[in-house]
Amino acid sequence: QVQLVESGGGLVQTGGSLRLSCVASGSIFSFSAMGWYRQAPGKRRELVATLTIGSSTNYADSVKGRFTISADYAKNTVYLQMNSLKPEDTAVYYCNGGRHLAGVFVPYDSWGQGTQVTVSS
C-alpha cells in the first residue's frame, strides 16, 4: 500500500498557473497508473488526468491543452502542471493510483486530504 500526499495548491487569478505535487511514500510503480482528480463543493469528484506509469497520458476535455501530468520516478512524485487557469478549475485536487480497465481509469479506494486550488476572476 502506498500513501500519497498532495501539495502545491493555492489562490491564483484567472490565466495564472500552479504546479501540484503528489508524493508517494513508496514506489509509484506499485500502481499501473496515476490519476489526478478534483472535486468542487456540491459536485462529484471528477477525473482530470491520468498517466500510465512509464507510458501515456490522458486528459479530460475540460483541461486538455492547459494541464500536463508528469512524474519523477526517482522521487516517487507525480505532478500536475496547470496553466491558463479558469474559475471553473476551482476545486480540491486529489491524486490516486489505479489502473485502466476497459478504457476507464479505476482508482484505488483510499484518498488523501487533497490540495485546494482557487481561481479568482
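Atoms considered below: every heavy atom in the structure, side chains included; atoms not considered: hydrogens, waters and symmetry mates.
Every residue meeting the salt bridge (charged side-chain N to carboxylate O under 4.0 Å, His left out) condition with R66, not counting sequence neighbours, appears here in chain and number order: D89. Applying the salt bridge (charged side-chain N to carboxylate O under 4.0 Å, His left out) rule to D109 yields no partners; only residues at least two apart in sequence or on another chain are considered. The salt bridge (charged side-chain N to carboxylate O under 4.0 Å, His left out) test applied to E46 returns R38, not counting sequence neighbours. Judged as a side-chain contact (heavy atoms from CB on, under 4.5 Å), and not counting sequence neighbours, the contacts of Y108 are F31, N96, R99. Evaluation of the salt bridge (charged side-chain N to carboxylate O under 4.0 Å, His left out) rule for K43 yields no partner, not counting sequence neighbours. Under the side-chain contact (heavy atoms from CB on, under 4.5 Å) criterion, L47 pairs with Y37, T50, F105, sequence neighbours left out.
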*Show your reasoning for whether side-chain contact (heavy atoms from CB on, under 4.5 Å) applies to Y59 and V48.*
CA-CA 6 Å; Y59 300 93; V48 173; 5.8 Å; no
*side-chain contact (heavy atoms from CB on, under 4.5 Å) between N76 and V23, intermediate numbers included*: CA-CA 6 Å; N76 290 313; V23 180; 5.8 Å; no
Residues 114-121, side-chain donor-acceptor partners within the protein, below 3.5 Å, at least two apart:
from: T115; atom 1: OG1; to: G9; atom 2: N; distance (Å): 2.9
from: Q116; atom 1: NE2; to: A91; atom 2: O; distance (Å): 3.4
from: Q116; atom 1: NE2; to: T118; atom 2: OG1; distance (Å): 3.3

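In this structure the side chain of Y94 never reaches within 4.5 angstrom of the side chain of Q113, judged on heavy atoms. In this structure, L4 and M34 have side chains that are in contact, with non-hydrogen atoms separated by less than 4.5 Å. Residues L20 and S7 have side chains not in contact (no heavy-atom distance under 4.5 Å, counting atoms from C-beta outward). R45 is listed as a side-chain neighbour of W111, based on a closest heavy-atom distance under 4.5 Å. Side-chain contact between H100 and T52 is present, with at least one heavy-atom pair separated by less than 4.5 Å. Looking at heavy atoms from C-beta onward, W36 lies in side-chain contact with V78 at the 4.5 angstrom threshold.
Counting only distance, with no hydrogens or angles, the side chain of Y73 and the backbone of I53 share no donor-acceptor pair below 3.5 Å. Under a 3.5 Å cut-off, the side chain of T77 and the backbone N or O of K75 do form a donor-acceptor pair.
The minimum heavy-atom distance between T14 and P87, with the atom names listed, is OG1-CD, 3.4 Å.
A disulfide bond (SG atoms under 2.5 Å apart) check over residues 3-115, counting only residues at least two apart or in different chains, returns the pairs C22-C95. Contacts classified as side chain to side chain donor-acceptor pair (under 3.5 Å) and involving residues 78-87 (residues at least two apart or in different chains) are given here: S17-N83, Q81-N83. Residue pairs that meet the salt bridge (charged side-chain N to carboxylate O under 4.0 Å, His left out) test with at least one member in residues 53-62, sequence neighbours left out, are D61-K64.
In the hydrophobic clustering (ILVMFWY side chains linked at under 4.5 Å, chained through shared members), L11 stands by itself. In the hydrophobic clustering, where aliphatic and aromatic side chains (Ile, Leu, Val, Met, Phe, Trp, Tyr) are joined below 4.5 Å either directly or transitively, V106 groups with L101.
Both V12 and F67 are members of a single hydrophobic cluster when ILVMFWY side chains are connected at heavy-atom separations under 4.5 Å.
Taking OG of S56 as the start and CD1 of I69 as the end, the distance is 10.5 Å to the nearest 0.5 Å.
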